[in-house]
Enquirer: 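I have a structure here, written as structure tokens, and I will follow up with some questions on it.
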Amino acid sequence: MLVSKSEATSGRPQIPFFQIFGNGKGVVSATGHTWRQQRRASTIILRSLGNRQKSMGNRIQDEVQHMVEFLTSQEGRPLNPDHLIRSCVTNVISAVMFGHRFSLEDDVLHRLMEATKAVIPFLSSFWGQLHEMFPQLIRLLPGPHQKFFELLEYGRNYVKKEIRDHQESPKAEQQDFIDLYIDQIEKTKNDPKAAFDEANLVQVVLDLVFGGSDTITATLLWALLYVVKYPDIQEKIQRELDDVFEPNKIIQYEHRKKLPYTNAVIHEIQRYSSIAPLGIPHLCVKDTTIQGFHLKKGTIAISNLFSALHDSTIWEVPEEFNPSRFLDKEGHFVKKDTFIPFSAGHRVCLGEQLARTELFILFSNLLRHFTFHLPEGVKTVNLGFIMGSTLQPLPYQICALPRWAPSHHPAEEP
């Protein structure tokens, strides 16, 4: 469905959630001509930003420094890493979209974090399901679901404010996503077929901010749980990092080729946790046949990514956490076509490259600076999860023990 029938199933059903979230704009909830134009332009913009001097990798490294400083100040005391990781991830996507980060005390950052934590899980919540059945009624009724509408509107209004600020004070050099998209609007303003306008810009930014922040945060939260659950894997990662780099070296995405085991662990974290088990619903835009089943135009098709990532005919003993499945006999990293945590085909995740870069830089640098363990008195790692549109780990506390004295912490750019 995702690859061979990618074009036929490239639509998006206009369920009530998508109508209120995107209303046919942007990338995630759009279909047809609008979706194609937004996706193509957004992909080009993100690639361009990745190639610039102040690249995505450098922005992520900036956040690594802030995270390392905070964790070092905790001196190994127990903490819930959710807030720290979510603020870091939100700041990365904010820097890419808006051209700046927020201080950890900034109210805007807190509201955006609250929104990213609430918007995506809403669809699978009790009130979200009621909204799918009775959208007009639920939007009028009081209840906790009104917080979702409020946070979604806050995010939309904030993006509009950023766009106005960019328009009123244009930079000498285009440095972020909004800059480059505004340029695209200007270039295509006389093209009647172009679908580039402020409404689509707002929605594309929301798609990336909401879609990326929650999923990357969840993946990193699972990652810390797994390295505590399997301390031998944590030690092996740190040995590889120590063998390859000097203490004052900041690890970049390009270094993944020198770190095959660390890279394998990150891939196994994504496979094993499968945080987006059913992906996002697709819509058949024309009649098609999939494995002998005839699907009419307008049929909703859901991809079971979890089954693909846990298929025993592809992954040996899939219920085991085993990074070695991504290594050959010589210890080299092996790329697998069946590894599809970001989905596949025309509707593959727009922010896949940013997510891959972010996960590698944040995870490897965290393990470079700290050894993670359970708080005193806690004997077992709870791998239970919160079921929803994404699979989130249960809230937990963890200790980050610095591997060097504060004065020896890496602070130099590579």
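Every value quoted in this text rests on a predicted model; they were computed, and no experiment measured them.
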Enquirer: Rounded to the nearest 0.5 Å, how far apart are OG1 of Thr188 and CG of Asp183?
Expert: 9.5 Å
Enquirer: Is a donor from one side chain sitting under 3.5 angstrom from an acceptor on the other, for Asp176 and His166?
Expert: yes
Enquirer: Is the shortest side-chain N to carboxylate O distance from Asp165 to Lys161 below 4.0 Å?
Expert: yes
Enquirer: How long is the span from the CD1 atom in Ile280 to the SG atom in Cys349, to the nearest 0.5 Å?
Expert: 8.0 Å
Enquirer: Could you pull out the closest heavy-atom pair between Pro281 and Pro13, with the gap in Å?
Expert: O-CD, 3.5 Å
Enquirer: Verify whether one side chain among Asp242 and Gln238 offers a donor that lies under 3.5 Å from an acceptor in the other.
Expert: no
Enquirer: Looking at Gly384 and Asn382, what are the two nearest heavy atoms and their distance?
Expert: N-OD1, 2.8 Å
Enquirer: When you measure from the side chain of Asn80 to the backbone of Gln397, do you find a donor-acceptor pair of N or O atoms at a distance under 3.5 Å?
Expert: no
Enquirer: Quick one: do Glu153 and Lys160 make a salt bridge, cutoff under 4.0 Å?
Expert: no
Enquirer: Taking Gln146 for its side chain and Arg139 for its backbone only, find out whether a donor-acceptor pair lies under 3.5 Å.
Expert: yes
Enquirer: So, do Glu114 and Lys117 sit near enough that their side-chain heavy atoms are less than 4.5 Å apart?
Expert: no
Enquirer: Any idea which heavy atoms bring Gln14 and Thr31 closest together, and the distance?
Expert: NE2-OG1, 4.4 Å
Enquirer: Which atoms form the tightest heavy-atom contact between Leu383 and Tyr226, and what is the distance?
Expert: CD2-CE2, 3.9 Å
Enquirer: Taking only Lys NZ, Arg NE, NH1 and NH2, and the carboxylate oxygens of Asp or Glu, determine whether Glu268 and Arg325 approach each other closer than 4.0 Å.
Expert: yes
Enquirer: Does NZ or CZ of Arg12 fall inside the cone over Trp35's six-membered ring, less than 6.0 Å from its centre and within 45° of the axis?
Expert: no
Enquirer: For Lys236, is there an ion pair with Asp232 - N to carboxylate O distance below 4.0 angstrom?
Expert: no
Enquirer: Looking at CG of Asp207 and CZ of Phe21, how far apart are the two atoms once the value is rounded to the nearest 0.5 Å?
Expert: 5.0 Å
Enquirer: Got a salt bridge between Lys147 and Glu150, using NZ or NE/NH1/NH2 to carboxylate O under 4.0 Å?
Expert: yes
Enquirer: Between Glu7 and Arg36 (salt bridge meaning N to carboxylate O under 4.0 Å), is one present in this structure?
Expert: yes
Enquirer: Within the distance-only criterion (no hydrogens, no angle test), does the side chain of Gln203 pair as donor or acceptor with the backbone N or O of Arg156 below 3.5 angstrom?
Expert: no
Enquirer: For a quick test of reading the model, state the closest non-hydrogen atom pair linking Thr288 to Cys284 and the distance between them.
Expert: CG2-SG, 4.2 Å
Enquirer: Search all heavy atoms of Phe148 against all heavy atoms of Ala118 and return the closest pair with its distance.
Expert: CD1-O, 4.5 Å
Enquirer: Taking atom CD1 of Ile45 and atom CD1 of Ile178, what is their separation to the nearest 0.5 Å?
Expert: 10.5 Å
Enquirer: With a 3.5 Å cut-off and no angle check, do the side chains of Gln61 and Asn365 form a donor-acceptor pair?
Expert: no
Enquirer: I'd like to know if the side chain of Gln234 and the backbone of Val228 have a donor-acceptor N/O pair within less than 3.5 Å.
Expert: no
Enquirer: Among Asn91, Leu49, Ile60, Val205, which one satisfies side chain to side chain contact (heavy atoms under 4.5 Å, CB included) with Val96?
Expert: Leu49
Enquirer: Sort out for me which residue in Glu186, Glu198, Gln38 forms a side chain to side chain donor-acceptor pair (under 3.5 Å) with Tyr181.
Expert: Gln38
Enquirer: Can we call the ring centroids of Phe326 and Phe339 under 6.0 Å apart?
Expert: yes
Enquirer: Measure the spacing between CZ of Phe385 and CG of Leu221 and express it to the nearest 0.5 Å.
Expert: 15.5 Å
